[in-house]
S.K.: 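Before I ask anything, here is the structure I am working with.
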Number of protein chains: 2
Amino acid sequence: MILLEETLAEIVPQDAESREKAKEHLEQLTMPHWALGRLMDLAVDLAGMTRSLRPSVERKMIVTMAGDHGVAAEGVSKFPQEVTPQMVCNFVNGGAGINALARQARADIVVVDMGVAADLSELAHAGKIFFRSIGPGTHNMAVEPAMTRAQAIRCLEAGIQVARELTFSADVFGTGDMGIANTTPSSAIVAVLSGLPVAAVTGRGTGIGGNQLKHKIAVIERAIQINRPNRNDALDVLATVGGFEIGGIAGLILGAAALKKPVVVDGFISTAGALIAHAIAPASADYMISAHRSKERGHRAALKILNKKPLIDLDLRLGEGTGAALAMNFVEAAARILTEVATFEEAMVSGASS
Amino acid sequence: MILLEETLAEIVPQDAESREKAKEHLEQLTMPHWALGRLMDLAVDLAGMTRSLRPSVERKMIVTMAGDHGVAAEGVSKFPQEVTPQMVCNFVNGGAGINALARQARADIVVVDMGVAADLSELAHAGKIFFRSIGPGTHNMAVEPAMTRAQAIRCLEAGIQVARELTFSADVFGTGDMGIANTTPSSAIVAVLSGLPVAAVTGRGTGIGGNQLKHKIAVIERAIQINRPNRNDALDVLATVGGFEIGGIAGLILGAAALKKPVVVDGFISTAGALIAHAIAPASADYMISAHRSKERGHRAALKILNKKPLIDLDLRLGEGTGAALAMNFVEAAARILTEVATFEEAMVSGASS
């Protein structure tokens, strides 16, 4: 708990003065006023996060957190649980969607075992993944709490530690997830923290049909009924209806915010993690960049709580950090606008009439 | 006219068989069905355009066409006409928005003088720009036709030639524009080809106020009234209310389509050029990728005619090819999804239940 408390004490809002200076500079660039729109808003954010008019975003790091979910036993996903470790191997071998998109964005990927229900110690010993497993999957939240409160804290602290270790080789973080059935706890978190009905924030995940969706909604409703998560206590929400990788993502975000580094939040599962981080430390939202608008139903409600508008809207629903990787291009573009574009004076270009 | 006719004869639709094969392959990838959404649609398009399941998109080339407009004399822009050559110098010196964003996307930039109202021969002789000038700016379309029909054809053929020359070093093209006042002819083109009222497709360009916008609309209405462009004859539309750089963009698109190479169409001005290309050769639209949704008012109507949905929506309104450069990242991502992601069989990952 000491690491968590230390970290929370270090999370402060973006720097207003750096934001103002960035804005003044951007208004002098050789283009009509604010003609690069939201990329310029993002550039102001980067300055406010990093306290610099030359924010470093060169070294991009996607952290893909993997974990399993006891609630998979309820038949809420189209895929069997064994796919979680299989996909971890796919990540390590470079064959997954996130690998292709991270290569495109020139981002590194670190895969973290936060609690996969399979023995990945060989990969861990070979240095191919980070091993921070809290246990072999959560308990079935439709029957009992997904994890203990102590485990929830350990998830967060593991994520914080990962951020602290990677900060020496990363200027900007991106979040990612892998865990069969993890849209189920994510919807539960969003339902509890938004106060919306479960049906309004629960979607088709990997592509389940209408009947299975109804069943999934019923399972989440049961989990909330049995566990009675306290919506004013994010640790309780994470413990009762969360997941190990979701807690890891929340911790990574808290860690990045404490380090004053931008963290690109992927899609629905990552945003559920971001909600936990935000509930624990509201100022952490100042360091979040929402990557993309997920096809998953509850994402909009989650973004509304965070007051975030995604950069990308391409009907993605894969997770893994794929949206975060794509959005890294925009983060880099925003930083380049701030640092590489000439002002009217520098380029001797005539200004606008007022 | 021979080059134009030859080129038009070479423009055929995307290849249906390559599209089908790409789709089959994408459905086997280790992810839920079509979980990368519109990037996968784009991957199918790339296969259909290039007739290949391994489409090359490594060498990216932004072609920024510059030209001046006689109608600038009517006071339709916030900036003086001298800014056009000043910005060409800014491009050459690497200090403009397009330079920063092209560097981010690892794209090359070629600047083409299609008809700037200044002597750029020094830059041309130094090999820093392509010189294809049709004249020192168009005539004032509010008074007379912007150019002759012969000049309109020369614009198109210049664009086609640029595509033919650059094809040896470009796998994918991107369009860009520079020309003070060029939202005015672009709105005129969209109004004529869509049949919509001028006021419905005319926006604030570089950021003019309400009164100047009313004046701009009146100027465009007058230009259409005086020149009576024939909406069933795109060459007549280009000649009467178009621009040299807009014609060059149209030609570049026709050239790319004939070469079976993707062309990423930037924002409003580029889309006006795309409308001309589409009206002359409807199948050329099969090779167009719409980069971004411009803030400029008439863009939506233009995209509707082309039946295109932009990849990016970030309130950009700069032109130069900036949206095209950003979107190149998505083109590359789509190609990588097609070529780098493992199938369920290859990665030994369990499939979904049906």
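The model shown is predicted, which means the values in this text are computed figures rather than measured ones. Heavy-atom basis, side chains included; hydrogens, waters and symmetry copies ignored. Per chain, numbering begins at 1; letters A, B, ... match sequence-line order.
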S.K.: So which of B/Ala35, B/Gly37, B/Ala105 has the biggest tally of heavy-atom pairs under 4.5 Å with chain A?
M.R.: B/Ala35
S.K.: For A/His69 and A/Glu245, which I'm curious about, is there any donor-acceptor pair between the side chains at under 3.5 Å?
M.R.: yes
S.K.: Report the option among A/Ser77, A/Ala335, A/Gly351 that has the most heavy-atom pairs separated by less than 4.5 Å from atoms of chain B.
M.R.: A/Gly351
S.K.: Which of the residues B/Asp315, B/Thr339, B/Leu29, B/Leu42 is involved in the greatest number of heavy-atom pairs with chain A at under 4.5 angstrom?
M.R.: B/Asp315
S.K.: So how far is it from B/Lys295 NZ to A/Arg38 CZ, rounded to the nearest 0.5 Å?
M.R.: 11.0 Å
S.K.: Are there more than 12 heavy atoms of other residues, nucleotides or ligands under 6.0 Å from atom CZ of A/Arg103?
M.R.: yes
S.K.: Do you know which of A/Gln104, A/Glu332, A/Arg317 has the most heavy-atom pairs with chain B at a distance under 4.5 angstrom?
M.R.: A/Gln104
S.K.: Between chain A and each of B/Asn99, B/Ile312, B/Leu314, count heavy-atom pairs under 4.5 Å; write down the option with the most.
M.R.: B/Leu314
S.K.: Within a reach of under 6.0 Å around CD of A/Glu58, are more than 12 heavy atoms found that belong to other residues, nucleotides or ligands?
M.R.: no
S.K.: Considering only heavy atoms, which portion of B/Thr322 lies under 4.5 Å from any heavy atom of chain A: side chain, backbone, both, or neither?
M.R.: side chain
S.K.: Check whether A/Met348 gets within reach of chain B through its side chain, its backbone, both or neither, counting any heavy atom under 4.5 Å.
M.R.: backbone
S.K.: So for B/Leu311, is it side chain, backbone, both, or neither that comes closer than 4.5 Å to the heavy atoms of chain A?
M.R.: both
S.K.: How far does OG1 of A/Thr202 sit from NZ of A/Lys214, to the nearest 0.5 angstrom?
M.R.: 14.0 Å
S.K.: For B/Glu82, does the CD atom sit with more than 12 other heavy atoms under 6.0 Å from it, leaving out its own atoms?
M.R.: yes
S.K.: Under 6.0 Å from the NZ atom of A/Lys308, do we count more than 12 heavy atoms belonging to anything else shown?
M.R.: yes
S.K.: Look at A/Thr343, A/Leu39, A/Ile208 and state which one has the largest set of heavy-atom pairs under 4.5 Å with chain B.
M.R.: A/Leu39
S.K.: Nearest 0.5 angstrom please: A/Phe344 CZ to A/Met31 CE, how far?
M.R.: 8.5 Å
S.K.: Can you say whether A/Arg106 sits under 4.5 Å from chain B via the side chain, the backbone, both, or neither, judging by heavy atoms?
M.R.: side chain
S.K.: Picking from B/Thr30, B/Asn329, B/Leu316, which has the most non-hydrogen pairs under 4.5 angstrom with chain A?
M.R.: B/Asn329
S.K.: Quick one: what part of A/Leu101 sits under 4.5 Å from any heavy atom of chain B, side chain, backbone, both or neither?
M.R.: side chain
